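This structure is a prediction, so every number in the text was calculated from the model and none was measured.
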Amino acid sequence: MKIDKNKVVELVYTLTVDGELTDKTTEDRPLDFIFGTGSLLPKFEEHIAGKEPGESFAFVLSPGEGYGEYDENKISDIPKNCFEIDGKIQDGLLVVGKIIPMMDNMGHILPGKVTAIGDSHVTMDFNHALAGKDLNFEGRILTVREATGEELTDGLHGELKRSSCSGSCSSCGGGCH
């Protein structure tokens, strides 16, 4: 069976960036996903479309095809008091190189990397860790099968499953998933 929309794909791959191994899956822990549902980089899917189990692949995604160009405008100085809870900053929170999830004014969670700590502010970089990088993928297709109706509705691992929460339950803090 060939890789096509709504097929469940299992594959193994290595990702090399700047000559260094950045990510790797194995046959006992492969990457699995439903093709064509937007869960992977579009150009990644384009490169494996039509492949069958046993076929290998190797391709490079440019920054524009991957995680975008590095953008200096995604570096921000944030007042230190934004990191306080009850007037205190948690020990070990503000460390150069640490990734801290932050929320933008639209309520979206954005991971930011602490790049500098000043007396009154913290400099954070909100670029993706692989922004501006060429992504070198090599791998092999393990299996391809039809997705079930439940998988298409709920996600391959239930990640799209809707909560039955009415918005007032205490288990989710009153907000629906």
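- In this structure, the separation between CD on Glu65 and CG on Asp134 is 9.0 Å, given to the nearest 0.5 Å.
- When atom types are taken as modelled, the side chain of Thr123 and the backbone of Thr115 share no donor-acceptor pair closer than 3.5 angstrom.
- Checked by atom type and distance alone, the side chain of Asn136 pairs as donor or acceptor with a backbone atom of Thr16 at under 3.5 Å.
- Residues Lys51 and Val144 are not in side-chain contact: their nearest non-hydrogen atoms beyond the backbone lie 4.5 Å or more apart.
- Nearest heavy atoms, Leu11 versus Val9: CD2-CG1, 4.0 Å.
- Using a 4.5 Å cut-off on side-chain heavy atoms (C-beta onward), Leu135 and Val17 make contact.
- Ring geometry, His128 versus Tyr67: the interplanar angle falls under 30°, so the pair is classed parallel (tilted spans 30 to 60°).
- The distance from the OG1 atom of Thr143 to the CD atom of Glu10 is 3.5 Å, given to the nearest 0.5 Å.
- Atom CG in Leu15 sits 5.0 Å away from atom OG1 in Thr22 (nearest 0.5 Å).
- How far CD1 of Ile48 is from CD1 of Ile141: 4.5 Å, rounded to the nearest 0.5 Å.
- Leu40 and Phe57 end up in the same hydrophobic cluster when Ile, Leu, Val, Met, Phe, Trp and Tyr side chains are linked at under 4.5 Å.
- In this structure, OG on Ser56 lies 9.0 Å from CD on Glu138, to the nearest 0.5 angstrom.
- Within 6.0 Å of CG in Asp28 there are more than 12 heavy atoms belonging to other residues, nucleotides or ligands.
- Residue pairs satisfying the ring-ring contact (aromatic ring centres under 6.0 Å, His included) criterion with at least one member in residues 12-34, sequence neighbours excluded, are listed as follows: Tyr13-Phe137.
- Between Asn6 and Thr37 there is a side-chain heavy-atom pair separated by less than 4.5 Å.
- Other residues, nucleotides and ligands contribute only 12 or fewer heavy atoms inside 6.0 Å of the NZ atom of Lys43.
- A donor-acceptor distance shorter than 3.5 angstrom exists from the side chain of Lys5 to the backbone of Gly36, with no hydrogens or angles considered.
- The environment of Lys113 atom NZ is sparse: at most 12 non-hydrogen atoms of other residues, nucleotides or ligands sit within 6.0 angstrom.
- Its side chain within the 4.5 Å cluster rule, Leu93 clusters with Ile78, Phe83, Ile89, Leu94, Val96, Ile100, Met102, Leu110, Val114, Ile117, Val122, Met124, Phe126 among the Ile, Leu, Val, Met, Phe, Trp and Tyr residues.
- In this structure, Glu27 pairs ionically with Arg140, as a charged nitrogen and a carboxylate oxygen lie closer than 4.0 Å.
- Phe59 and Ile3 fall within a single hydrophobic cluster, where Ile, Leu, Val, Met, Phe, Trp and Tyr are joined by side-chain heavy atoms under 4.5 Å apart, directly or via other members.
- In this structure a side-chain-to-backbone donor-acceptor pair under 3.5 Å is missing from Asp18 to Glu20.
- Within a 6.0 Å radius of CD in Glu159, more than 12 heavy atoms belonging to other residues, nucleotides or ligands are found.
- At most 12 non-hydrogen atoms from other residues, nucleotides or ligands lie less than 6.0 angstrom from CG of Asp91.
- Within a 6.0 Å radius of CD1 in Ile109, other residues, nucleotides and ligands contribute more than 12 heavy atoms.
- In this structure, the side chain of Thr26 engages the main chain of Arg29 through a donor-acceptor pair within 3.5 Å.
- The 12-atom threshold is exceeded at CD of Glu69, counting heavy atoms of other residues, nucleotides or ligands nearer than 6.0 Å.
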